[in-house]
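Here's the structure, in structure tokens; my notes come after.
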Amino acid sequence: MLDEIERYYDAVPRAAARVEDFGPLSLFVREGAGWPYYARPTLGHQGPAATAEDVRRVLARQRELGLPEAFEWVAEHDPLLRAAVEEAGLAVHEHPLLVLGPQDAPGVPGPAADGVAVRVLTADDPALAHAVAVPHLAFDEPGTGVGDTGTAELAAKAQVLGSDGTAARTAERIASGHTVLAAAFEGGTPLCAGQHNPVGAVTEVAGVGTLPSARRRGLGLAVTAALVEHARATGVRTVFLSAADEDVARIYRRAGFRPFATALIAEPAEPAERTEPTAGTS
């Protein structure tokens with residue numbers, strides 16, 4: 001299963017990026033608009049493990065292209081890479097990686113809150129921009145506690161994402177089958193949203209976020225359950241995700257996910273402020 005997930009991680013960026021070869025490392029460079037990608041271990045590399053000098057070569061190329069200095073990989077699959085990236089001056093962040101495999105039964109979440117309905121959105125859904133905006137606001141105000149950001153901020157963010165092409169790009173991915181977006185609605189307003197991104201029989205649940213003012217109502221679990229149900233109904237065998245931290249991982253265990261590995265993200269010790277949720281972090 002670890003190799004299966006590794007193949008997935010290599011395949012996903014290729015739909016929208018070119019790959020630059022650095023021996024034991026591959027740099028994914030997005031073609032066109034959208035959130036930039038990262039470097040990661042080269043799939044199937046048989047030579048020596050990456051060194052700090054290999055990492056520095058990739059960092060130099062990322063700076064040359066104006067890309068974030070970022071690496072992502074699974075610790076258990078490439079255990080030697082961490083020492084190399086730390087020697088090159090990057091900070092490494094750990095995120096629990098959880099899986100729902102072919103033999104794992106999904107959990108049975110409690111009923112959605114009164115007045116809340118969860119559904120999968122189509123590419124032409126009029127609520128698409130608002131649903132895309134919810135996780136952005138959620139990740140801007142991290143944590144699991146109830147926050148201040150609410151529907152007024154959601155409307156403003158949806159307008160921005162509708163104007164800058166972000167919502168349109170999501171619609172294109174939905175139409176092409178690369179992304180499935182689900183959201184929990186109350187009174188026509190999405191309060192929580194997330195997606196899964198299938199490649200063959202494997203998919204990753206990513207970017208599940210709840211509007212801060214609507215937290216602590218079980219909405220994230222309800223959206224995750226809907227995504228898992230959709231994935232299983234469309235032939236996906238393995239569903240996985242990387243959680244922000246152990247507190248969030250405990251929530252996903254209620255949906256049937258089990259601890260499997262550790263996703264690692266390396267970036268400068270004082271990274272520039274992100275404008276989108278980290279890919280793959282729920």
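These figures come from a predicted structure and were not determined experimentally. All values below come from the heavy atoms of this structure, side chains included, with hydrogens, waters and symmetry mates left out.
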Notebook entry, point to check: To the nearest 0.5 Å, how far apart are CD in Glu31 and OH in Tyr37?
Noted result: 11.0 Å

Notebook entry, point to check: Taking atom types as modelled and ignoring hydrogens, do the side chains of Glu4 and Thr238 form a donor-acceptor contact shorter than 3.5 angstrom?
Noted result: yes

Notebook entry, point to check: Has the side chain of Asp10 got a donor or acceptor atom that lies under 3.5 Å from a matching backbone atom of Arg7?
Noted result: no

Notebook entry, point to check: Between the side chains of Asp125 and Thr122, is a donor N or O closer than 3.5 angstrom to an acceptor N or O?
Noted result: no

Checklist line | Straight-line distance of Thr149 OG1 to Arg215 CZ, nearest 0.5 Å | finding: 8.0 Å

Next item on the list: Kindly give the cluster partners of Val55, where membership spreads through any ILVMFWY side chain lying under 4.5 Å from a current member.
Entry: Phe22, Leu25, Leu27, Val29, Val58, Leu59, Leu65, Leu67, Phe71, Trp73, Leu81, Val85, Leu90, Val92, Leu264

For residues 181-196, which side-chain donor-acceptor pairs fall under 3.5 Å, sequence neighbours excluded?
from	atom 1	to	atom 2	distance (Å)
Glu186	OE1	Arg217	NH1	3.4
Glu186	OE2	Arg217	NH2	2.9
Gln195	OE1	Asn197	ND2	3.3
His196	ND1	Thr203	OG1	2.8
His196	NE2	His230	ND1	3.1

Note to self: Looking only at the aromatic ring of each residue, does the gap between the centers of Phe240 and Phe257 stay below 6.0 angstrom?
What the structure shows: no

Next item on the list: May I ask you to decide whether Glu86 forms a salt bridge with Arg82, counting only side-chain N to carboxylate O separations under 4.0 Å?
Entry: yes

Margin query: With a 4.5 Å cut-off on side-chain heavy-atom distances among I, L, V, M, F, W and Y, is there a chain of contacts connecting Leu128 to Val180?
Written below: no

Notebook entry, point to check: Between Val239 and Val223, is there a shared hydrophobic cluster once you connect ILVMFWY residues whose side-chain heavy atoms come closer than 4.5 Å?
Noted result: yes

Item checked: Path from Leu227 to Leu241 over hydrophobic side-chain contacts below 4.5 Å -> yes

Check: Any side-chain heavy atom of Glu204 within less than 4.5 Å of one from Tyr9?
Finding: yes

Check: Looking only at heavy atoms, which two atoms of Glu87 and Ala52 are closest? And how far apart?
Finding: CD-CB, 3.6 Å

Next item on the list: Apply side-chain contact (heavy atoms from CB on, under 4.5 Å) to the pair His95 and Glu72, showing each step before the final yes or no.
Entry: CA-CA 11 Å; His95 300 280; Glu72 297 190 9; over 6 Å; no

Notebook entry, point to check: Any side-chain heavy-atom pair from Arg258 and Val99 closer than 4.5 angstrom?
Noted result: yes

Note to self: Check for me, please, whether Val202 and Met1 land in the same ILVMFWY cluster - side-chain distances under 4.5 Å, paths through other members count.
What the structure shows: yes

Note to self: Taking side chain to side chain contact (heavy atoms under 4.5 Å, CB included) as the definition, give me every residue that meets it alongside Ala123, ordered by chain and number, with sequence neighbours left out.
What the structure shows: Ala171, Ile174, Ala175

Note to self: Side chains of Thr262 and Glu94: any donor to acceptor distance under 3.5 Å?
What the structure shows: no

Check: How about Gln62 and Glu64: do any of their side-chain heavy atoms sit closer than 4.5 Å?
Finding: no

Next item on the list: For residues Ala167 and Gly162, report the shortest heavy-atom separation together with the two atoms involved.
Entry: CB-CA, 4.2 Å

Next item on the list: Answer yes or no: is there a side-chain heavy-atom contact under 4.5 Å between Glu267 and Tyr38?
Entry: no

Note to self: Are Leu121 and Arg119 packed together at the side-chain level, in the sense that at least one heavy-atom pair is separated by less than 4.5 angstrom?
What the structure shows: yes

Note to self: So which atom in Thr224 and which in Ala255 form the shortest heavy-atom distance, rounded to 0.1 Å?
What the structure shows: CG2-CB, 4.4 Å

Margin query: side-chain contact (heavy atoms from CB on, under 4.5 Å) for His130 and Val134? Distances and angles first, verdict last.
Written below: CA-CA 6 Å; His130 283 73; Val134 170; 5.8 Å; no

Item checked: Co-membership, hydrophobic cluster, residues Val248 and Val208, 4.5 Å side-chain -> yes

Notebook entry, point to check: Heavy-atom distance under 4.5 Å between the side chains of Val74 and Leu2, does that happen here?
Noted result: yes

Note to self: If you apply the rule side-chain contact (heavy atoms from CB on, under 4.5 Å), what do you find for Glu6 with Leu43, and how did you get there?
What the structure shows: CA-CA 8 Å; Glu6 190 67 16; Leu43 184 68; 3.9 Å; yes

Notebook entry, point to check: How far does OG1 of Thr170 sit from NE2 of His178, to the nearest 0.5 angstrom?
Noted result: 13.5 Å

Check: What is the minimum heavy-atom distance between Gly101 and Arg232, and which atoms define it?
Finding: O-NH2, 2.7 Å

Next item on the list: Ignoring hydrogens and angles, state whether a donor on the side chain of Ser176 or Arg173 is under 3.5 Å from an acceptor on the partner side chain.
Entry: no

Margin query: Taking the side chain as everything from C-beta on, heavy atoms only, tell me whether Leu100 gets closer than 4.5 Å to Pro106.
Written below: yes

Notebook entry, point to check: Just wondering, more than 12 heavy atoms not from Glu229 lying within 6.0 Å of its CD?
Noted result: no

Check: Does Pro259 reach the side chain of Arg253, with side-chain heavy atoms less than 4.5 Å apart?
Finding: yes

Note to self: Once rounded to the nearest 0.5 Å, what's the spacing between atom CG of Leu211 and atom CD of Glu141?
What the structure shows: 9.0 Å

Note to self: Looking at every heavy atom in both Asp3 and His77, which two are closest together, and how far apart are they?
What the structure shows: OD1-NE2, 3.2 Å

Note to self: Assess the residue pair Arg14 and Phe28 against the criterion (side-chain contact (heavy atoms from CB on, under 4.5 Å)); give the C-alpha distance rounded to whole Å, side-chain angles, the decisive distance to 0.1 Å, and a yes or no.
What the structure shows: CA-CA 8 Å; Arg14 292 177 182 269; Phe28 293 92; 4.0 Å; yes

Note to self: Could you report the tightest heavy-atom contact between Ala50 and Ala84, atom names first, then the distance?
What the structure shows: O-CB, 3.5 Å

Next item on the list: Might you confirm whether atom CG of Asp148 has over 12 heavy atoms from other residues, nucleotides or ligands at distances under 6.0 Å?
Entry: no

Note to self: Working to the nearest 0.5 angstrom, can you tell me the gap between Leu98 CG and Ile251 CD1?
What the structure shows: 11.5 Å

Next item on the list: Go through the steps to decide whether Arg57 and Glu53 satisfy the test salt bridge (Lys or Arg N to Asp or Glu O under 4.0 Å), and finish with yes or no.
Entry: CA-CA 6 Å; Arg57 288 173 55 223; Glu53 185 55 36; over 6 Å; no

Note to self: Closer than 3.5 angstrom, by distance alone: can the side chain of Thr151 be matched with the main-chain N or O of Leu154 as a donor-acceptor pair?
What the structure shows: no

